[in-house]
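Just so it is clear, the values below take in all heavy atoms, side chains as well, and ignore hydrogens, waters and symmetry mates.
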Amino acid sequence: MSLPEIVSREQWRAAREELRRREESARREREALGAERRRLPMVEVDPEYLFEGGDGKATLLDLFEGRSQLVVHHFMFAPERVTGCPCCAAFLDQVGHLAHLRARDTSFAAVSRAPFTRILPFKARMGWTVPWYSSAPGDFNDDFEATVRDGGKPVDRPGLSCFLRDRDRVFHTYSVYDADLDELGTTAALLDLTALGRRPAGSEGLRLHDEYDF
């Protein structure tokens with residue numbers, strides 16, 4: 001393993017300033033892409049998907065928990081397995097306290113193909129409180145491309161899908177998969193995937209997670 005070059009403090013500052021300019025340019029490009037993402041058209045979700053969670057059967061509309069937006073984590077957990085995907089577990093480990101999303105009118109839930117009877121003990125083992133649902137035996141994973149077919153065999157891939165609610169109508173606004181999840185997981189990054197973005201902007205309105213009024 002090679003270590004960074006040793007230089008003087010002045011040389012380090014000059015190199016850091018050059019990198020900072022490039023980082024600033026990359027940040028502006030990410031912001032422009034985020035604005036373009038929020039302008040994407042959306043598709044109405046017609047099928048009545050059914051899930052199973054801690055409170056029994058639920059529809060996609062139920063997963064919103066009354067909020068305007070929903071981010072679904074397509075957690076790789078095949079029906080024949082007894083534990084979930086380690087990479088998906090590492091992603092879920094880094095998702096922040098959901099109070100910050102909920103204060104911005106956005107719900108978050110994990111969805112897997114495994115039966116809920118297998119999800120529940122694994123969720124308890126990991127110490128997670130995030131809402132988690134089984135989509136078995138429906139087509140939710142296939143329809144949102146979290147499950148693809150390889151020679152007819154279902155193969156899962158990790159992803160995130162974002163949805164927007166207008167009263168009782170549900171719309172699909174965005175999805176992202178595989179390596180594109182690597183820099184996601186924080187509240188801000190998840191909100192940046194949604195149609196309504198960060199509301200309010202930046203750190204405005206942020207509180208300690210136990211101080212929100214809901």
> Cationic tip of Arg16 within the cone over Trp12's six-membered ring, i.e. under 6.0 Å and within 45° of the normal?
Replying inline: no

> Just wondering, do Leu191 and Leu196 contact through their side chains at under 4.5 Å, heavy atoms?
Replying inline: no

> What do the steps show when you test Phe64 against Phe163 for side-chain contact (heavy atoms from CB on, under 4.5 Å), and what is the final call?
Replying inline: CA-CA 9 Å; Phe64 281 79; Phe163 301 90; 3.5 Å; yes

> Which heavy atom of Phe75 sits nearest a heavy atom of Cys85, and at what distance?
Replying inline: CE2-N, 3.6 Å

> Would you say the side-chain atoms of Ser107 pair up with the backbone N or O of Leu70, donor to acceptor, closer than 3.5 Å?
Replying inline: no

>> Please tell me whether Tyr177 and His74 have a donor and an acceptor in their side chains that are separated by less than 3.5 angstrom.
In response: no

> What about Phe122 and Phe77, are their ring centers closer than 6.0 Å?
Replying inline: yes

>> Any carboxylate oxygen within less than 4.0 angstrom of a Lys/Arg side-chain nitrogen, looking at Arg39 and Glu36?
In response: no

> Quick check, are the ring centers of Phe51 and Phe140 under 6.0 angstrom apart?
Replying inline: yes

> Hey, mind stepping through Glu17 and Leu19 against side-chain contact (heavy atoms from CB on, under 4.5 Å) and telling me if it holds?
Replying inline: CA-CA 5 Å; Glu17 179 58 24; Leu19 183 59; over 6 Å; no

> Do the non-hydrogen side-chain atoms of Thr147 and Val155 ever get within less than 4.5 Å of each other?
Replying inline: no

> Would you say the side-chain atoms of Asp139 and Tyr49 include a donor-acceptor pair closer than 3.5 Å?
Replying inline: no

> In Å and rounded to the nearest 0.5 Å, what is the CD to OG1 distance from Glu65 to Thr106?
Replying inline: 11.5 Å

>> Assigning hydrophobic clusters by single linkage (Ile, Leu, Val, Met, Phe, Trp, Tyr; side-chain heavy-atom cutoff under 4.5 Å), is Trp128 placed with Val111?
In response: no

>> Heavy-atom count check: over 12 atoms from other residues, nucleotides or ligands less than 6.0 Å from Asp46 CG?
In response: yes

> What are the two closest heavy atoms between Ser161 and Ser175, and how far apart are they?
Replying inline: OG-OG, 2.6 Å

>> Ring of Tyr174, cation from Arg37 - is the NZ or CZ under 6.0 Å from the centre and inside 45° of the axis?
In response: yes

> Backbone N or O of His100 within a donor-acceptor pair of the Arg104 side chain at under 3.5 Å?
Replying inline: yes

>> I need the minimum non-hydrogen distance between Ala114 and Ile119, along with the two atoms involved.
In response: O-CD1, 3.5 Å

> Can you tell me if Arg38 uses its side chain to pair, donor with acceptor, with the backbone of Gly197 under 3.5 Å?
Replying inline: no

> Is a donor on one side and an acceptor on the other found under 3.5 Å between the side chain of Thr173 and the backbone of Met42?
Replying inline: no

> Linking I/L/V/M/F/W/Y whenever their side-chain heavy atoms sit closer than 4.5 Å, directly or via other members, would Leu101 and Tyr133 fall into one cluster?
Replying inline: no

>> Would the distance check show the side chain of Ser134 and the main-chain N or O of Ala136 forming a donor-acceptor pair, the cut-off being under 3.5 Å?
In response: yes

> Does Asn141 reach the side chain of Asp156, with side-chain heavy atoms less than 4.5 Å apart?
Replying inline: yes

> Counting N and O atoms only, with roles assigned by atom type, does the side chain of Arg149 sit under 3.5 Å from a partner on the main chain of Lys153, one being a donor and the other an acceptor?
Replying inline: no

> What about the rings of Phe108 and His97, do their centers lie closer together than 6.0 Å?
Replying inline: no

> Hey, mind stepping through Leu184 and Phe91 against side-chain contact (heavy atoms from CB on, under 4.5 Å) and telling me if it holds?
Replying inline: CA-CA 8 Å; Leu184 303 176; Phe91 178 87; 4.1 Å; yes

>> Hydrophobic clusters here meaning ILVMFWY residues chained together by side-chain heavy-atom distances under 4.5 Å, can you tell me if Leu160 and Leu40 are in one?
In response: yes

> Would you call Arg20-Glu23 a salt bridge at under 4.0 Å N-O?
Replying inline: no

> Between the side chains of Thr194 and Gln69, is a donor N or O closer than 3.5 angstrom to an acceptor N or O?
Replying inline: yes

> Does the distance from a Lys or Arg side-chain N to an Asp or Glu carboxylate O, for Arg28 and Glu31, drop under 4.0 Å?
Replying inline: no

> Under a 4.0 Å N-O cut-off, is there an ion pair linking Asp62 with Lys57?
Replying inline: no

>> Given 3.5 Å as the limit, does a donor-acceptor pair link the side chain of Lys123 with the main chain of Arg118, or not?
In response: no

> Are Val43 and Val45 close enough, and set up right, to give a side-chain contact (heavy atoms from CB on, under 4.5 Å), and what steps lead you there?
Replying inline: CA-CA 6 Å; Val43 179; Val45 179; over 6 Å; no

>> Test your reading of the model: is there a side-chain donor-acceptor pair from Arg81 to the backbone of Thr83, 3.5 Å cut-off?
In response: yes

> Can Arg113 and Ser135 be counted as having a side-chain donor-acceptor contact under 3.5 angstrom?
Replying inline: no

>> If hydrophobic clusters are built from ILVMFWY residues whose side chains come within less than 4.5 Å, do Leu181 and Leu98 share one?
In response: yes

> Does CD belonging to Glu80 count more than 12 external heavy atoms closer than 6.0 Å?
Replying inline: yes

> Does Val170 reach the side chain of Thr59, with side-chain heavy atoms less than 4.5 Å apart?
Replying inline: no

> Do the side chains of Met76 and Met126 join up, straight or via other hydrophobic residues, at under 4.5 Å, putting them in one cluster?
Replying inline: no

> Would you call Glu44 and His172 a side-chain contact if the rule is heavy atoms closer than 4.5 Å?
Replying inline: no

>> For the residue pair Ser68 / Asp105, report whether a side-chain donor-acceptor contact shorter than 3.5 Å exists.
In response: yes

>> Distance check, rounded to the nearest 0.5 Å: Thr186 atom OG1 versus Gln94 atom CD?
In response: 8.0 Å

> Can you find a heavy atom in the side chain of Arg67 that is under 4.5 Å from one in the side chain of Arg165?
Replying inline: no

> Do the charged groups of Glu18 and Arg22 touch, with an N to O distance under 4.0 Å?
Replying inline: no

> Is there side-chain contact between Glu5 and Gln11, with heavy atoms separated by less than 4.5 Å?
Replying inline: no

